[in-house]
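Please read the structure below before turning to the comments.
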Amino acid sequence: MIDLKGKVAVVFGLANKRSIAWGIAQKLSEAGATLAICYQNERLQRDAEALAAELPSAKTFKCDVSVDADIDAVFAQLASAYGKLDILVHSIGFAPNIKNTVLETAREDFRIAHDISAYSLIALARGAAPLMTEGGSILTLTYYGSEKVFPNYNIMGVAKAALEAAVRYLAADLGTRKIRVNAISAGPIKTLAARGISDFTKILNAVEERAPLHRNVETAEVGNAALFLASDLASGITGEVTFVDAGYNVTGL
């Protein structure tokens, strides 16, 4: 049994109960961590507060990760509320006009996709590091489309590749502070973000057919992996991408 009592975890990107971030937040909370839930804007505030109400002692904070002032403000608020941080979960990704091929991607769409999906991890890590006075664990969510071409994943695949590179470089930057940085590459899950990918059902079916476990994964399984990586059991793991995809990534044909 992993015990996170006394640990403070902040989760970015919790949209609803179907989101991977919700599965992670639940597992961290069940292990005893104190949760801070960050939402993007007032439109999402009510949903965030409803979700936080289901987690003991969880509080909500506003933060648009594309705005540096918001990031500065939220970490000042977290410092005031908790005095420290132990765990940061980055479950954020967005690409405008994702239906366009990479060849057709406009410069501004490229910039936004990388800003929200990859640079935000760097910005949040920079804000969190001073509060991780006893070391800590930073986790982000990626997808196999960073390595292989998936139909209709398009520029998000390029942004996820940048995100994974950022994980490795941040791990090197923060290692001397005993802060570990890792990514989880989850299999396809029917989240709000997945709705923007055309023919997403075909990807789900392919995993079910070809993955060694012959099924898709659930958010709770990703949450279990995140719980492990956030805990001292993973004290020697950093800069890694851990697959939670029923083994799909090891297959050829």
Side-chain angles (χ1 to χ4, degrees), residues 8-29 34-82 85 87-100 105-106 108-128 138-143 152-156 159-160 163 186 188-198 200 219 222-223 226:
V8 178
V10 59
V11 179
F12 292 83
L14 204 172
N16 54 49
K17 288 190 175 181
R18 288 189 174 185
S19 65
I20 294 174
W22 175 243
I24 294 174
Q26 285 182 301
K27 294 297 180 179
L28 296 179
S29 180
T34 298
L35 268 291
I37 305 299
C38 293
Y39 58 91
Q40 181 185 7
N41 52 40
E42 285 75 11
R43 181 176 60 85
L44 300 174
Q45 181 175 0
R46 182 180 298 179
D47 291 337
E49 290 176 346
L51 292 170
E54 298 190 29
L55 304 173
S57 303
K59 296 180 181 179
T60 60
F61 300 84
K62 177 184 175 297
C63 181
D64 183 335
V65 298
S66 68
V67 179
D68 288 335
D70 270 25
I71 294 174
D72 292 341
V74 79
F75 282 109
Q77 292 165 7
L78 292 170
S80 176
Y82 306 109
L85 280 179
I87 300 161
L88 184 148
V89 178
H90 172 275
S91 183
I92 298 171
F94 174 71
N97 300 312
I98 192 174
K99 293 182 180 180
N100 289 346
T105 299
E108 182 64 5
D109 290 347
F110 181 96
R111 184 196 65 77
I112 293 172
H114 283 72
D115 183 17
I116 303 301
S117 307
Y119 181 76
S120 63
L121 175 67
I122 298 171
L124 294 179
R126 186 166 57 244
I138 297 174
L139 298 173
T140 189
L141 277 297
T142 186
Y143 179 60
N152 305 310
Y153 201 55
N154 300 324
I155 200 61
M156 184 58 81
K160 288 296 188 183
L163 176 69
I189 296 174
K190 291 181 180 179
T191 62
L192 183 63
R195 293 179 185 176
I197 302 171
S198 300
F200 184 71
T219 55
V222 183

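In this text the structure is predicted, and so the values were computed from the model without any measurement.
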Drop me the distance from Leu121's CG to Arg126's CZ, to the nearest 0.5 angstrom.
10.5 Å
From CG (Leu51) to CH2 (Trp22), nearest 0.5 Å
5.0 Å
Please answer whether the main-chain N or O of Gln26 pairs with a side-chain N or O of Ser29 as donor and acceptor at a distance below 3.5 Å.
no
If you take all heavy atoms of Ser117 and Ala159, which pair is closest and at what distance?
CB-CB, 4.0 Å
What distance separates Gln77 CD from Asp72 CG, expressed to the nearest 0.5 Å?
11.0 Å
Is a donor on one side and an acceptor on the other found under 3.5 Å between the side chain of Lys160 and the backbone of Leu141?
yes
Donor-acceptor check, side chain of Ser80 to backbone of Ala76, threshold 3.5 angstrom: yes or no?
no
Are Ile24 and Ser91 close enough that some pair of their side-chain heavy atoms sits under 4.5 Å apart?
no
Looking at every non-hydrogen atom in both residues, tell me the closest pair between Thr34 and Ser57 and how far apart they are.
CG2-O, 4.4 Å
Could you tell me whether Arg46 and Glu49 have a side-chain N and a carboxylate O separated by less than 4.0 Å?
no
Decide if atom NZ of Lys59 counts as having more than 12 heavy atoms of other residues, nucleotides or ligands within a radius under 6.0 Å.
no
Partner of His90 under side-chain contact (heavy atoms from CB on, under 4.5 Å), chosen from Val11, Leu163, Ile122, Leu139:
Leu163
Using side-chain hydrogen bond (donor to acceptor under 3.5 Å, both in side chains) as the criterion, point out the one residue from Asp64, Asp70, Asp68 that pairs with Ser66.
Asp64
Can you tell me how far the CG atom of Leu85 sits from the CD1 atom of Ile138, to the nearest 0.5 Å?
9.5 Å
For the pair Asp109 (side chain) and Ile112 (backbone), establish whether a donor and an acceptor sit closer than 3.5 Å, ignoring hydrogens and angles.
no
How long is the straight-line distance from CD1 of Ile87 back to CG of Leu35, given to the nearest 0.5 Å?
8.5 Å
Does the side chain of Val10 come within less than 4.5 Å of Leu124's, by heavy atoms?
no
Between OH on residue Tyr39 and CZ on residue Phe12, distance to nearest 0.5 Å:
12.5 Å
Examine distances only and state if a side-chain atom of Asn100 and a backbone atom of Thr105 form a donor-acceptor pair shorter than 3.5 Å.
no
